[in-house]
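One structure is given here, and the rest of the page talks about it.
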Amino acid sequence: MVFKLSAVLALASLPQAFAHGGVLSYLIAGTKYQGVVPYNTLVGQTSIQRPWLTYNPILNATDPTIACNDDGTSLTLQLTAAGVPAGSSITAYWNQPWPHPYGPMLVYLAQCPGTTCTNVNPSTLKWFKIDQSGLINGTVFAGYWGDGKMIDQNSSWTTTIPASVPSGNYLIRFETIALHSLPAQFYPECAQIQITGGGSLAPTAAQLVSFPGGYSNTDPGLTIDIYSNDAQTQTTYPIPGPPLYGSSSVVTTTTGPTTTTKSTTTTTFTTKSTSSVGTTTTTKTTTSTQPVTSGVAEFGQCGGTGYTGSTTCVSPYKCTYSNDYYSQCL
Ligand SMILES: *[C@@H]1O[C@H](CO)[C@@H](O)[C@H](O)[C@H]1NC(C)=O
Ligand SMILES: *[C@@H]1O[C@H](CO)[C@@H](O)[C@H](O)[C@H]1NC(C)=O
Ligand SMILES: *[C@@H]1O[C@H](CO)[C@@H](O)[C@H](O)[C@H]1NC(C)=O
Ligand SMILES: [Cu+2]
């Protein structure tokens with residue numbers, strides 16, 4: 001069918017004055033993917049994201065919508081981001097600017113049985129947490145939180161698919177929890193990805209939870225009153241959910257002496273555009289030679305049309321394509 005954007009926009013009702021929101025798009029291993037468009041009919045929408053209908057938060061940690069928002073079922077034209085290498089990065093972009101700076105950021109994966117996540121009910125899956133950021137510094141009352149960092153990072157959050165995760169079809173669940181009022185506000189959105197080239201470290205039983213089930217409405221990290229007297233001196237915050245995937249394993253990083261002064265950096269950018277009738281793939285390769293001893297810091301520009309500076313990022317960041325005019329160290 002012909003997709004008439006003007007007709008879809010005409011059906012839109014006004015979102016609640018940007019007080020809330022959710023993940024609107026993704027950058028996955030260098031490829032941009034649009035999310036579903038809330039407040040619009042789902043008819044004709046194609047996305048890797050599971051649908052969510054409004055900007056409103058979920059206010060109940062044990063409601064079925066805690067898994068993949070309301071309603072989180074597959075689109076009729078549901079897509080999957082295929083060929084996402086384990087070890088690559090995924091950025092989720094929220095509506096700008098995200099309004100809630102107090103609370104944790106969390107990212108989960110759940111492997112789907114069979115050959116696709118399409119039509120799999122997220123409540124039937126086992127989830128493990130691959131990333132979290134709670135109270136970064138300061139006090140519960142006046143500190144810097146993962147949510148504040150997300151806002152400072154262009155209202156986006158970049159996470160790395162652990163290289164040790166087994167290959168397969170997964171739902172990835174980005175979540176920001178807002179604690180400025182109680183009950184806590186949950187904003188989870190899910191997307192379908194196919195992880196390739198993975199490892200063999202399965203999550204342990206203790207690292208796996210269901211949603212609903214992973215949180216309780218009485219979890220200390222969800223009932224905390226950030227305006228209380230205690231909060232003004234409290235400098236720790238218990239992040240809700242299971243222990244982090246891989247957290248029991250020891251990670252050893254060995255840095256040897258630098259014996260070379262030059263190395264070759266090759267960056268491959270892949271742009272994919274997908275429609276309901278087919279897939280077009282464009283591949284672009286940039287090769288540059290830079291000293292390894294210097295580089296652009298995290299979030300700095302490292303490429304783009306007209307850019308003449310360094311194209312090398314300081315370790316461990318990678319120069320990540322955003323658009324033709326801008327690449328960034330992430
Ligand atoms: C939360 O949702 C669960 C499941 O729908 C329901 O049983 C419970 O009563 C709800 N709790 C609150 C506080 O609304
Ligand atoms: C907390 O960390 C942020 C970012 O690193 C920094 O800008 C801020 O000054 C820190 N605040 C405190 C109270 O240490
Ligand atoms: C900031 O986020 C928007 C999407 O919300 C994206 O289009 C833009 O490229 C991002 N800017 C940078 C510098 O990454
Ligand atoms: Cu809100």
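What you are looking at is a predicted structure, and each value in this text was computed from that prediction instead of being measured. First listed ligand is number 1; within each ligand, the first listed atom is number 1.
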Let's test your reading of the model: do C112 and C117 have SG atoms under 2.5 angstrom apart?
yes
Got a sec: does the OH of Y237 have more than 12 other heavy atoms crowding it under 6.0 Å?
yes
Distance-only N or O hit between ligand 2 and Y144, under 3.5 Å
no
How are the rings of [X] and [Y] set to each other: parallel, tilted or perpendicular (split at 30° and 60°)?
X	Y	answer
Y215	F186	parallel
W98	H100	perpendicular
F128	Y170	perpendicular
Y108	F211	perpendicular

Do Y93 and Y26 come within less than 4.5 Å of each other through their side chains, counting heavy atoms only?
no
N or O pair under 3.5 Å between Q96 and ligand 3
yes
N154 to ligand 3: N or O pair under 3.5 Å?
yes
For ligand 1, what are the residues with a heavy-atom contact below 4.0 Å?
N60, T62, D63, P64
